[in-house]
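Chain letters run A, B, ... following the sequence lines, proteins first and then strands; every chain starts at 1.
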Amino acid sequence: MTDQHDGVDKPVQPGGYFPRCQHTKTYAPFTRKLLADQQQDQSYQKRDTTATKEEIRVDTTEAKQYFSKHLLDWYNVHKRDLPWRRSRNPYYIWISEVMLQQTRVETVIPYFHRFVEKFPSVEALADAPEEEVLKAWEGLGYYSRARNLQAAVREVKEVYGGRVPDTQEEISSLKGVGPYTAGAVLSIAYNKPEPAVDGNVMRVLSRYFLLRDDIAKPATRIGMERLAKELIPEGEARDFNQALMELGATVCTPKSPHCLTCPVIEHCAGRMEGAVDALPVKTKAKPPRPEKRAVAFIEGAGENAGKVLARQRPKEGLLARMWELPHVLLPETIAALGPESDEAAMRCLSESLASEHGLEVEPLAPMMDAEHTFSHIHWQMRVYRCRFAGLAGRAAENGSAAGDSDDGNVFLWFGERELEQYALPNVFVKILKQAGSYRS
DNA sequence: AACACGGGGGA
DNA sequence: TCCCCAGTGTT
């Protein structure tokens, strides 16, 4: 946390470009104005008649104009050559923005190329089988993004005649399009003066304007959007919004920011306060809960020789509709026993698979360990080699479609061909690779 | 307001 | 290895 924010009123400090204010939180003058606007627009207008307030307003305007102009000039020289910047096709911009949610530029680039090649238009994506879209997203994470994107694209095709909407109301109503993505597409594709506030932007603004509000809180994002919108120079929304994000991504980085090359260092309030390293303020997420899981590695025989039995996950929830090796959550009583609990774990694996899926297996011996951390769960997995002893109700036939009643209960023998066709969470790709049953 | 939802990169 | 990153939807 910050060293400044101790809940005690600070005295007004003389000197400096942005003298500290007499509040429990120490804001620069125009910072206070931002918050005042947000909370009490009218009362602020009335108070804004004194000489002191007048000066503050002038200061604010200058600092904002300085920021916008220098940032824009910098961007025109230093912008990166990114695939989606070579197009103004709103559909491509949209794809890139959805992929860029929670995901780095370098990671997204190869996915973006493959995705637009495979689904070059709204119609192509709308008409594609969901399975193919999920496969194209494999490894990118947050798979509901892919599902929501396709649902939204189908709506664009049917309701808007294939044209990506260019109004806040319409585009925000699409699945998976929140405040950030809406602003990004409207500004970048259509040059509309809407803010696009992501993590980069909140970091940059919190430092430059010395905003100590917790960026994890929704109310802070609302305030940032208001500020970001004010900063957009007339007719320059497209480049300005990208400039703001570009600065956060390449200069005003989370750790060890490159202040000496920053185009707006001269008026950066965070820098002047020596508070850059402490900003932005963000409450920590709680650590992921640990889960011990037993995984069944079941090799086929006869016509399924060389294949491994996989299960399709339910259509809702974690890793929805993706494929995986069958596995079960071990109860605390077993998990607490530690590595010596293999006997108990194997019994639990066998019993759970039988009762939950009608899958009969005989666990033979531990094979390998694997770990996977989601943002909220930590999986500690032990893989057990198992002998296949039958699947109740229905044989594990390749190619059979899953009915609703089969949700979470569909099995398939996975070989090379299935690996190329169906999406698996990363952790299972790694397990299969390490098991040496398949080539990469 | 709190939680669910992946995976990658850097110190 | 551990720590950090961070949009949208749901409850």
Remember a base hit wins even if backbone is also touched, and classify [X] as base, sugar-phosphate or nothing at under 4.0 Å, heavy atoms.
X	result
A:Tyr180	sugar-phosphate
A:Arg147	nothing
A:Thr373	base
A:Ile215	nothing
A:Lys255	sugar-phosphate

Pairing partner of B:dG6 (Watson-Crick or G-U wobble, both distances under 3.5 Å): none
Ignoring backbone atoms, establish whether [X] has a side-chain N or O less than 4.0 Å from OP1 or OP2 of [N].
X	N	value
A:Arg145	B:dG6	no
A:Lys282	C:dC4	no
A:Ser375	B:dG7	no
A:Asn426	B:dG8	yes
A:His372	B:dG6	no
A:His376	B:dC3	no
A:Tyr143	B:dG7	yes

With P as the reference atom in both, quote the distance from B:dC5 to C:dC5 in angstrom, rounded to an integer. 23 Å
When the C1' atoms of B:dG9 and C:dT8 are compared, how many Å lie between them, rounded to an integer? 23 Å
Examine A:Arg145 relative to A:Tyr142 and say whether NZ or CZ is less than 6.0 Å from the centre of the six-membered ring and inside a 45° cone about the ring axis. no
Over how many whole Å does the gap from [X] atom [atom1] to [N] atom [atom2] extend?
X	N	atom1	atom2	result
A:Lys315	B:dA4	NZ	P	21 Å
A:Arg221	C:dA6	CZ	C1'	12 Å
A:Glu316	C:dT11	CD	P	9 Å
A:Asp214	C:dA6	CG	P	14 Å

As a test of reading the structure: which of [options] is closest to the side chain of [X], going by heavy atoms?
X	options	value
A:Ala285	B:dA4, C:dA6, B:dA1	C:dA6
A:Pro218	B:dC5, B:dG7, B:dA1	B:dA1
A:Thr107	B:dG8, B:dC3, C:dA6	B:dG8
A:Arg104	B:dG9, C:dA6, B:dG6	B:dG9

In residues 94-103 of chain A, which residues come under 4.0 Å of DNA chain B by heavy atom? A:Gln102, A:Thr103
